[in-house]
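Right, one structure below, let's go through it.
Atoms considered below: every heavy atom in the structure, side chains included; atoms not considered: hydrogens, waters and symmetry mates.
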Amino acid sequence: MLKQTAIFRQLPLSNKVIPKLSLQTIPIVPFVLQIFAALGLTGCLSFPNGQKAINDLANRLSNEVSGRITYPSHQQPANYLSFHRDYR
C-alpha cells in the first residue's frame with residue numbers, strides 16, 4: 001500500500017507538467033486534426049492537376065491565336081528570315 005500512496009502523491013506534480021484538458025476539448029482535437037489532414041491532402045493532390053489544366057488551356061489558346069494570324073506570302077516568318085539571311 002505504501003507504493004500506491006507514493007504514486008498518488010506524484011500525481012499533482014504530473015498535473016503541472018501536463019496541462020489539464022477538459023472533457024470537451026479531448027474529443028474535438030482528433031476531429032479537427034482529421035479535417036486539417038483531409039484538407040491538406042486534397043490541396044496537395046489537386047494543385048498539380050490544376051497547374052496541368054491551366055497549362056493545357058494556355059497552350060490551346062496560344063495555338064488558336066497563332067493559327068488565326070495570317071501573313072502575306074512575302075512576310076511569312078520563314079521567308080522573312082531567309083530573305084534577310086541571303087542579302088547580308
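For Ser22, the side-chain contact (heavy atoms from CB on, under 4.5 Å) partners two or more places apart in sequence, or in a different chain, are Gln24, Thr25. With sequence neighbours excluded, no residue satisfies side chain to side chain donor-acceptor pair (under 3.5 Å) with Gln51. With sequence neighbours left out, Leu61 forms a side-chain contact (heavy atoms from CB on, under 4.5 Å) with Val65.
For residues 51-64, the pairs satisfying salt bridge (charged side-chain N to carboxylate O under 4.0 Å, His left out) are Glu64-Arg68, with sequence neighbours left out.
Applying the 4.5 Å side-chain rule to ILVMFWY residues, one finds that Ile54 remains a lone member of its cluster.
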Side-chain polar contacts of residues 33-45 - donor-acceptor pairs under 3.5 angstrom, sequence neighbours left out - could you list them?
{"unit_1": "Thr42", "atom_1": "OG1", "unit_2": "Ala38", "atom_2": "O", "d": "2.7"}

